[in-house]
Amino acid sequence: MFSGSWKESSMNVIELEIPDQNIDVEALQVAFGSLYRDDVLINPSRVVALLAAACMLQLDGLIQQCGETMKETITAQTVCGYYNSAGTYGLDSVKKKCLEWLLNNLMTHQSVGLFKELSINLMKQLISSSNLFVLQVEMDVYTALKKWMFLQLVPSWNGSFKQVLTEADAWFAERRREFGGDGAFLESAQGSAFLPVFAHLRLQYIISDLASARIVERDALLPSEWLSSVYKQQWFAMLRAEQDNDIGPQEINKEELEGNSMRCGRKLAKDGDYCWRWTGFNFGLDLLVTYTNRYIIFKRNTLNQPCSGSVSLQPRRSIAFRLRLASFDGSGKMICSRTTGYQILTLEKDQEQIVMNLDSRLLMFPLYICCNFLYTSPEKRADSEAQLDNLEG
């Protein structure tokens, strides 16, 4: 360029047009400097600017080094910025790592800053996934979405995260008064953009708990058609369990499990003995979960222990499930994990079954337990239509 017959050959100062706003002088200095050194010390706070410069200059080695730095420094503060930058500059492995971090930590690292940064498309991916680490139950996912939607709509709000739910409830109550109680918020002009995200809530596991169902009805965020459809679906599932001897799933249907299973979880702060059940009506299957002596045990409680709800007396009941365990460091990076994979478990009355025996090397507390459950068989449309034909006959 300097010696040929180009315009720049006769210029003493050449002004470069840098089309990418992420690139600054410091990033260019480091990027050019990398040409003279094998290793470059990358400051995580500067990695996005340096990645942008490396991509413009097509420095593959530096791009790879930026990607590795990003993967090692994902936190609640950096994850959304890294995810967006990885999409812009084509670092699919970084994008995948950010998505994994969010699936593992969304429910435990909630903050005002993170919820303001999470885009609608990214939140939709998280809420639709069967791999979302849910603590405690699906209602907690709904509550998190309510807070997130409020912070998306009122980004100027800057209080403590502990105050978000109260503020969100008050703000949505004011919108209901403005609408005169007519229609759901998600069907309004303000709320319609969030419809695709809320559509991935597994409502059947929210309305199975009375207190949760009342909150959802009071909030009036969701279209009434969604709720009436899921009430009908659950009513028929209950009748199949009661009158059609549906004893639960008999084979693993991965698509059904990933799309429609109950998502729930528990944090065990320290080693000890624990026994719990997740709330909600589960078609008469009172499942007790016990952690003791490095074992996780499922028990079908029928007659041994008190239960506040109705209990099925069928000789056998089956569930489809997947159990996952994980430990994380302070920034949310997974230290170790283990899964049972999807399984079918058949239990007689008051029978218990060890579902996982933990290696002592995995016992790093706090320990997070996440489960997916299916308590009933998916309705076979052909069977139900045949029954209707018989009735009509």
Side-chain angles (χ1 to χ4, degrees), residues 1-106 109 111-126 148 151-158 193 196-197 329 331-334:
M1 183 176 73
F2 294 129
S3 60
S5 55
W6 303 93
K7 182 178 74 169
E8 290 86 357
S9 304
S10 59
M11 294 170 66
N12 292 325
V13 176
I14 300 166
E15 290 191 13
L16 295 176
E17 292 275 337
I18 306 293
D20 190 334
Q21 292 184 341
N22 285 326
I23 301 173
D24 56 21
V25 172
E26 186 183 340
L28 283 172
Q29 286 177 336
V30 176
F32 284 128
S34 73
L35 297 170
Y36 303 93
R37 303 186 56 162
D38 290 334
D39 291 313
V40 177
L41 187 62
I42 299 175
N43 184 336
S45 66
R46 301 282 311 147
V47 69
V48 172
L50 185 55
L51 172 65
C55 286
M56 185 190 76
L57 298 170
Q58 299 178 19
L59 302 175
D60 292 342
L62 187 57
I63 291 170
Q64 186 177 351
Q65 200 176 337
C66 287
E68 293 305 314
T69 299
M70 291 166 82
K71 283 189 271 191
E72 289 299 317
T73 56
I74 297 172
T75 65
Q77 290 72 41
T78 63
V79 64
C80 290
Y82 284 0
Y83 180 86
N84 294 331
S85 298
T88 300
Y89 301 112
L91 293 184
D92 290 341
S93 64
V94 175
K95 196 173 176 181
K96 182 182 176 184
K97 204 78 174 174
C98 289
L99 196 61
E100 284 176 8
W101 189 97
L102 284 165
L103 287 169
N104 291 334
N105 293 280
L106 177 69
H109 284 64
S111 69
V112 172
L114 178 61
F115 276 19
K116 285 182 181 179
E117 280 192 275
L118 279 167
S119 69
I120 288 174
N121 284 336
L122 183 49
M123 188 60 103
K124 179 183 169 185
Q125 283 189 72
L126 299 174
W148 165 76
L151 290 169
Q152 292 281 307
L153 290 166
V154 192
S156 59
W157 191 86
N158 276 316
V197 182
D329 67 13
S331 66
K333 183 179 179 181
M334 187 178 283

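Just so you know, residue 1 is the first one in the sequence shown, and it goes up from there.
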Are any non-hydrogen side-chain atoms of Leu118 and Leu102 less than 4.5 angstrom apart?
yes
State which residues pass side chain to side chain donor-acceptor pair (under 3.5 Å) with Asn105; sequence neighbours excluded, sorted by chain then number.
His109
Can you tell which of Leu91, Val79, Asn84, Leu103 makes a side chain to side chain contact (heavy atoms under 4.5 Å, CB included) with Cys98?
Val79
Any residue meeting side chain to side chain contact (heavy atoms under 4.5 Å, CB included) with Glu100, in chain and number order, not counting sequence neighbours:
Lys96, Lys97
Which heavy atom in Ala76 sits nearest to a heavy atom in Leu114, and how many Å separate them?
O-CD1, 3.8 Å
Distance check, rounded to the nearest 0.5 Å: Thr88 atom OG1 versus Lys95 atom NZ?
9.0 Å
State whether a side-chain donor-acceptor pair under 3.5 Å links Asp20 with Tyr89.
yes
Taking only distance into account, with no hydrogens and no angle test, what donor-acceptor pairs under 3.5 Å do side-chain atoms of residues 67-74 form with protein atoms, sequence neighbours excluded?
| unit_1 | atom_1 | unit_2 | atom_2 | d |
| --- | --- | --- | --- | --- |
| Glu68 | OE2 | Lys71 | NZ | 3.3 |
| Thr69 | OG1 | Gln65 | O | 3.0 |
| Lys71 | NZ | Ser93 | OG | 3.4 |
| Glu72 | OE1 | Lys333 | NZ | 2.9 |
| Thr73 | OG1 | Thr69 | O | 2.7 |
| Thr73 | OG1 | Tyr82 | OH | 2.9 |

Residues pairing under salt bridge (Lys or Arg N to Asp or Glu O under 4.0 Å) where one sits in residues 113-125, two or more places apart or in two chains, turn out to be none
If you round to the nearest 0.5 Å, how far is CG of Leu122 from CG of Leu99?
6.5 Å
Heavy-atom distance under 4.5 Å between the side chains of Tyr83 and Val94, does that happen here?
no
Are any non-hydrogen side-chain atoms of Leu59 and Leu35 less than 4.5 angstrom apart?
yes
So which heavy atom on Ser85 is nearest to which on Val48, and how close?
OG-CG1, 3.2 Å
I want to check something: taking the side chain as every heavy atom from C-beta on, are Trp157 and Val112 in contact at a cut-off of under 4.5 Å?
yes
Tell me, with the steps shown, if Ser119 and Asn121 meet side chain to side chain donor-acceptor pair (under 3.5 Å).
CA-CA 6 Å; Ser119 69; Asn121 284 336; 5.7 Å; no
Side-chain contact test, heavy atoms from C-beta onward, threshold under 4.5 Å: evaluate it for Ser156 versus Val154 and give yes or no.
yes
Strictly by salt bridge (Lys or Arg N to Asp or Glu O under 4.0 Å), give each pair with a member in residues 40-63 just once, sequence neighbours left out.
Asp24-Arg46, Glu26-Arg46
Return the minimal non-hydrogen interatomic distance between Ala31 and Leu57, and the atom names on each side.
CB-CD1, 3.8 Å
Name all residues meeting the side chain to side chain donor-acceptor pair (under 3.5 Å) criterion together with Ser331; count only those two or more places apart in sequence or in a different chain, and write none if there are none.
Asp329
Verdict with supporting geometry, Leu28 and Ile18, side-chain contact (heavy atoms from CB on, under 4.5 Å)
CA-CA 10 Å; Leu28 283 172; Ile18 306 293; 4.3 Å; yes
Do Ile120 and Trp148 have side chains that get closer than 4.5 Å, going by heavy atoms?
yes
Within this structure, what is the CG-CG distance for the pair Leu50 and Leu62, rounded to the nearest 0.5 Å?
4.5 Å
